[in-house]
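Numbered from 1 within each chain, the chains take letters A, B, ... in sequence-line order. Side-chain atoms are counted along with the backbone in the values below, which use heavy atoms only and exclude waters and symmetry mates.
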Amino acid sequence: MADEQKLAQALEAKFPVLAGKINLVRPRRMFVEVPAESFRQVLAHLKKEQGFVYCCTITGTDDKDTLAALYHLSDEAGTLLNLRLRVPRDAPVIGTVTDLYPCCANYERELIDLLGFTVENLPPGNRYPMPDDFPRDQHPLRKDWQPAAK
Amino acid sequence: MGTVTIPIGPQHPALKEPAAFSITLVGERILKSDVRLGYNHRGIEKACEQRTYTQDLYLIERICGICSHAHTTTFITASEEVAGLKVPPRGLYIRTLISELERIHSHLLWLGVAGHEIGFDTLLMYSWRDREVVMDILAMLTGNRVNYGINTFGGVRRDFTAEQLAEVRKSMDVLEERTKYYIEVATSEPTLAKRLGGVGSLSHDDALRLGAVGPTARASNIQRDVRRDDTHLVYNELDFKVITDDHCDVFGRTVVRVLELMESYKLIRQIIDKMPDGPVSVKAPRRVPAGEAVARYEAPRGEDIHYVKGNGTDKPERVKVRAPTMANLAAVSKMLEDNNLADVPIVVAAIDPCFSCTDRGIQVSDLGRGRDETLAWGALRAHGIEWWRREAGVDFASLNRKLSQSLAAR
């Protein structure tokens, strides 16, 4: 895990706010909790300076008090860095990352439809994955969501 | 010249799966395109939260009719990591064997679809006939042509005998011979080169930017293969080449897939040679501790990724699935730009969207009476109804009557 440790040290040196927030799970797997105010800078640094050129997908999770978006970033050596951004459940606002990772548009639309995120500056496009007539205030992957009675 | 926007899909003969393309044309040339997805959304991720890990395995197997093993292996690898389970080496070798057999069946299927989309139906007939060899092998090993049900929590459900593995090895020789012919066809047949060359171009930079995966990315000369980069199963013990091509078009995607077939045959022979003895599974706990894991897997279409979060119960807290087609669809709009409208079917097919091949007749060998007979679908259905009546006392006649009555009442 030498490379992963070196990367963790480099990240902590560049962003002191990440101290203690980097978890090396196993070779090629890192989980990083990033505060909302540093998220953009950390993400841009990972893409431009650390070679994380590819965002595999974004996983949204409902963690009761907060919602979280987990950005799965990969470099060409196969290391998967999972960058977690937590937002308050009652105001889940995040900025788009499509300027850095254009492939993320549909993953961000998934966060909107299924978990009720608000994604600022997301380029216009079709809904995904819910149908156009599905109520926009219903978010099926929220833990307290119940399907409407038939 | 003015522009015209036409809809293709969600149901359209050119598409094998529902997706709605909105294509803006200048004359016959495509100016831009837009895709609306979600018609196949079945809420599987939500459903997984309400089922146990073992039940989820069978649900996840049905995400895709072709990459069924890819999805279950990715899901179970992540779940086993959360549970701290170590699968015995023989179990991992069996998973890898099915993985490569699935790749062969998927790539041969794609070759036929590609032939069909460009009016080269002889290629469809040939490649699907040869694909039957690997389908029979999969049925012999797992009991099923698709949805193999080989994975279980902690290992695999079946062990294979030396005779079965010898049969697999023999069939690889047949397929290798046939694939050499396809490589010759793909690389030297002028109609194929002229029809596919320069169609659906995706430059190296665009493929990187748009996050293309699998053969689609490798045909744009991106050295990316999860089997090597984020090695899983037993790929780190096997020797294989990551096939890339620099044509950056549908022709390149064809070349990558046929050459990958040869690598799969090589891998399967190594798997059989190196397969260790021993148990194929370990006992798995019912409850999985709190924790999270992400697993990646090189499916036939590219990287499959699953995220699993455990909460200490027998059901996962969250399951996230990102199939390779989802990653490649972002690149389709780029590939369609400045192509002819008539190229849409082959460009879309070139990322290899999937369809199921489960509907079929069945060859019944009645060895006791020394006779073979082929049952048509209707006869097979009648046989099933009769078997349930005789063996289990279930009489479908009353159900059929109720169905007829309710239909008549409408």
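Checking each of B:L208, B:I222, B:V213 against A:Y54 for a side chain to side chain contact (heavy atoms under 4.5 Å, CB included) leaves exactly one that passes, namely B:V213.
The shortest side-chain heavy-atom distance between A:V25 and B:E292 does not fall under the 4.5 Å cut-off. Taking 4.5 Å as the limit, some side-chain heavy atom of B:T231 sits within range of a side-chain heavy atom of A:R28.
Taking the side chain to side chain donor-acceptor pair (under 3.5 Å) definition, one finds that B:S99 meets it with B:Y235, B:Y297, sequence neighbours left out.
Within the 4.5 angstrom heavy-atom criterion, only side-chain atoms of B:I305, from C-beta onward, approach chain A. Heavy-atom distances place both the backbone and the side chain of B:R296 under 4.5 Å from chain A. The contact between B:A295 and chain A is made entirely by backbone atoms, counting heavy-atom distances below 4.5 Å. Of the atoms belonging to A:L100, not a single heavy atom falls under 4.5 Å from chain B.
The greatest number of non-hydrogen atom pairs below 4.5 Å with chain A, out of B:R318, B:R36, B:K320, B:H41, is found for B:R36. With respect to chain A, the highest number of heavy-atom pairs below 4.5 Å among B:R224, B:K309, B:R209 belongs to B:R224. Per-residue heavy-atom pair counts under 4.5 Å with chain A were compared for B:Q223, B:E303, B:R322, B:E81, and the maximum is reached by B:R322. Chain A forms the most heavy-atom pairs under 4.5 Å with one residue out of B:L329, B:L37, B:L210, B:D229, and that residue is B:D229. Among the candidates A:G125, A:C55, A:S74, the residue making the largest number of heavy-atom pairs closer than 4.5 Å to chain B is A:S74.
Between the side chain of A:N126 and the backbone N or O of B:V35, at least one donor-acceptor pair lies under 3.5 Å.
Between the OG1 atom in A:T57 and the OH atom in B:Y307 there is a gap of 12.5 Å [rounded to 0.5 Å].
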